[in-house]
S.K.: 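Okay, handing you the structure first.
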Amino acid sequence: MRNIVLFGPPGAGKGTQSEKLIKKYGLTHLSTGDLFRKHLGEGTELGKLAQKYMNEGRLVPDEVVIGMVEEKIAETENSQGFIFDGFPRTTAQAEALDKMLESHNMEIAGMIALDVPEPVLKERIKERGKTSGRVDDQDDQKIQTRIKVYLDETLPVASYYEKQGKFTNIYGVGEIDEIFNAICEVVDSF
């Protein structure tokens with residue numbers, strides 16, 4: 001089973017690359033953003049709470065996120081593995097994820113980080129905002145807040161996996177298929 005953390009700032013291309021990895025390797029997509037939107041769409045209290053934080057460009061509290069993630073893993077049987085898209089976002093979440101996975105006799109095989117310069121991120125997010133309908137993709141201040149939160153609070157997660165020998169950095173600018181091929185080389189090594 002391959003459990004992969006696909007990592008990078010907002011707009012790095014995690015969603016695009018996740019779709020391709022899912023098709024190639026038969027992985028189950030686990031995006032906290034998707035989980036939040038599912039819960040919001042169903043009108044759950046967790047969903048409403050998560051949306052409040054997302055609209056402010058802030059991180060959703062760990063206990064809410066871990067609960068949603070564990071629920072998704074528990075309801076997904078016979079998977080070839082999971083691709084964690086945009087999660088964990090803090091070292092505390094990474095530690096909690098490792099403990100939760102261990103309780104299911106699973107572990108993270110590796111983290112693949114997409115490295116994209118900030119001006120490219122902003123351009124990509126604004127372009128995505130034209131069709132995504134997401135409030136936080138359309139407002140310059142919220143975009144800047146999300147990038148700052150990533151740099152200040154999320155980037156340290158890379159060190160957590162690097163210390164475990166599970167971190168690989170991939171330059172995330174260029175042709176989608178070229179980036180995908182570079183990612184596949186790493187996945188094939190797991």
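Nothing here was measured: the structure is a model prediction, and the numbers come from that model. Positions are given from 1 along the sequence.
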S.K.: Within a 6.0 Å radius of atom CD on E75, are there more than 12 heavy atoms belonging to other residues, nucleotides or ligands?
M.R.: yes
S.K.: Give a yes or no on whether a salt bridge exists between K99 and E95, defined as a side-chain N under 4.0 angstrom from a carboxylate O.
M.R.: no
S.K.: Just so I know, are the side chains of M111 and Q164 near enough to count as touching, which here means a heavy-atom distance under 4.5 Å?
M.R.: no
S.K.: Are the charged groups of K130 and E127 less than 4.0 angstrom apart, N to O?
M.R.: yes
S.K.: Mark yes or no for whether N3, through its side chain, and E107, through its backbone, hold a donor-acceptor pair below 3.5 Å.
M.R.: yes
S.K.: Would one find more than 12 heavy atoms of other residues, nucleotides or ligands at under 6.0 Å from atom CD of E123?
M.R.: no
S.K.: I'd like to know whether CD of E42 has more than 12 heavy-atom contacts from other residues, nucleotides or ligands below 6.0 angstrom.
M.R.: yes
S.K.: Identify the two heavy atoms, one from I83 and one from I22, that lie closest to each other, and give their separation to 0.1 Å.
M.R.: CG2-CG1, 3.9 Å
S.K.: May I have the list of side-chain donor-acceptor pairs in residues 11-20 shorter than 3.5 Å, sequence neighbours left out?
M.R.:
unit_1 : atom_1 : unit_2 : atom_2 : d
K14    : NZ     : G8     : O      : 3.0
K14    : NZ     : P9     : O      : 3.0
Q17    : NE2    : I176   : O      : 3.2
S18    : OG     : K14    : O      : 2.8
K20    : NZ     : D177   : OD1    : 2.9

S.K.: Tell me whether I73 is reachable from V65 by hopping between hydrophobic residues (I, L, V, M, F, W, Y) whose side-chain heavy atoms are closer than 4.5 Å.
M.R.: yes
S.K.: With a 4.5 Å heavy-atom cut-off, do V187 and K24 have their side chains touching?
M.R.: no
S.K.: Salt-bridge test for K122 and D140: reply yes if a basic N is under 4.0 Å from a carboxylate O, no otherwise.
M.R.: no
S.K.: Would you name the heavy atoms of G172 and R124 that are closest together and state the gap between them?
M.R.: O-NH2, 2.8 Å
S.K.: Can you tell me how far apart CZ (F84) and OG1 (T28) are? Round to the nearest 0.5 Å.
M.R.: 9.5 Å
